[in-house]
Asker: 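Below is a structure I'd like to ask you about.
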Amino acid sequence: MAMEKVAEISIYKLEDRKVVTAILLENGYTVGPGVRKKTPTGKQLDYYLKIYRDTEAGNTACGE
């Protein structure tokens, strides 16, 4: 299975990330969590979702 990174979406609230993840999964995407330092000191964190799609030919997960 070949995966292509489609986007990163920055969403701070955990509840909002869960809702967006559920919607993306229903539409055939693979989603993973991510956290990175928002500032050089690392006192603030940026929570985001990494979104991937299957690049294999014939994959019609979005059209099911």
Side-chain angles (χ1 to χ4, degrees):
M1 176 176 4
M3 302 300 284
E4 171 189 10
K5 189 172 188 179
V6 177
E8 288 184 358
I9 301 175
S10 181
I11 303 172
Y12 183 74
K13 292 177 66 179
L14 176 60
E15 184 176 318
D16 293 341
R17 288 193 306 271
K18 288 180 179 181
V19 170
V20 172
T21 298
I23 292 168
L24 290 167
L25 289 173
E26 286 177 8
N27 286 283
Y29 291 93
T30 301
V31 181
V35 178
R36 61 181 157 225
K37 294 179 182 180
K38 197 171 199 174
T39 62
T41 61
K43 290 184 178 181
Q44 291 182 335
L45 297 175
D46 182 25
Y47 298 92
Y48 63 97
L49 298 175
K50 298 178 275 186
I51 303 159
Y52 300 90
R53 73 173 159 213
D54 189 359
T55 58
E56 288 182 7
N59 182 4
T60 58
C62 293
E64 291 182 345

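The shown structure was predicted, so the numbers you read here are calculated from the model rather than taken from an experiment.
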Asker: Looking only at heavy atoms, which two atoms of Met3 and Asp54 are closest? And how far apart?
Answerer: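 In terms of heavy atoms, the two residues are closest at SD-CA, 3.9 Å.
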
Asker: Apply side chain to side chain contact (heavy atoms under 4.5 Å, CB included) to Val19 and list each qualifying residue two or more places apart in sequence or on a separate chain.
Answerer: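 So Val19 forms a side chain to side chain contact (heavy atoms under 4.5 Å, CB included) with Ile23.
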
Asker: Less than 3.5 Å apart, which donor and acceptor atoms pair up between the side chains of residues 39-50 and the rest of the protein, not counting sequence neighbours?
Answerer:
{"unit_1": "Thr39", "atom_1": "OG1", "unit_2": "Thr41", "atom_2": "OG1", "d": "3.3"}
{"unit_1": "Thr39", "atom_1": "OG1", "unit_2": "Gly42", "atom_2": "N", "d": "3.4"}
{"unit_1": "Asp46", "atom_1": "OD1", "unit_2": "Ser10", "atom_2": "OG", "d": "2.5"}
{"unit_1": "Asp46", "atom_1": "OD2", "unit_2": "Arg36", "atom_2": "NE", "d": "3.1"}
{"unit_1": "Asp46", "atom_1": "OD2", "unit_2": "Arg36", "atom_2": "NH2", "d": "3.3"}

Asker: How long is the gap from CD1 on Ile51 to CG on Leu25, to the nearest 0.5 Å?
Answerer: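 Output value for this atom pair is 10.0 Å.
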
Asker: Name all residues meeting the salt bridge (charged side-chain N to carboxylate O under 4.0 Å, His left out) criterion together with Glu15; count only those two or more places apart in sequence or in a different chain, and write none if there are none.
Answerer: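 By the salt bridge (charged side-chain N to carboxylate O under 4.0 Å, His left out) rule, Glu15 matches no residue at all.
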
Asker: Measure the spacing between OH of Tyr52 and OG1 of Thr30 and express it to the nearest 0.5 Å.
Answerer: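 It comes to 9.5 Å.
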
Asker: Please list, chain by chain and in numerical order, all residues satisfying side-chain hydrogen bond (donor to acceptor under 3.5 Å, both in side chains) with Lys38, sequence neighbours excluded.
Answerer: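 Counting only residues at least two positions away or on another chain, Lys38 forms no side-chain hydrogen bond (donor to acceptor under 3.5 Å, both in side chains).
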
Asker: Same cluster for Tyr12 and Val35 if Ile/Leu/Val/Met/Phe/Trp/Tyr side chains link at under 4.5 Å?
Answerer: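 Linked, Tyr12 and Val35 end up in one cluster.
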
Asker: Hey, is the main chain of Glu4 close enough, under 3.5 Å, to the side chain of Thr55 for a donor-acceptor pair?
Answerer: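 It does not hold such a pair.
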
Asker: Determine whether more than 12 heavy atoms belonging to other residues, nucleotides or ligands lie under 6.0 Å from atom NZ of Lys5.
Answerer: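 Counting other residues, nucleotides and ligands, NZ of Lys5 exceeds 12 neighbours.
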
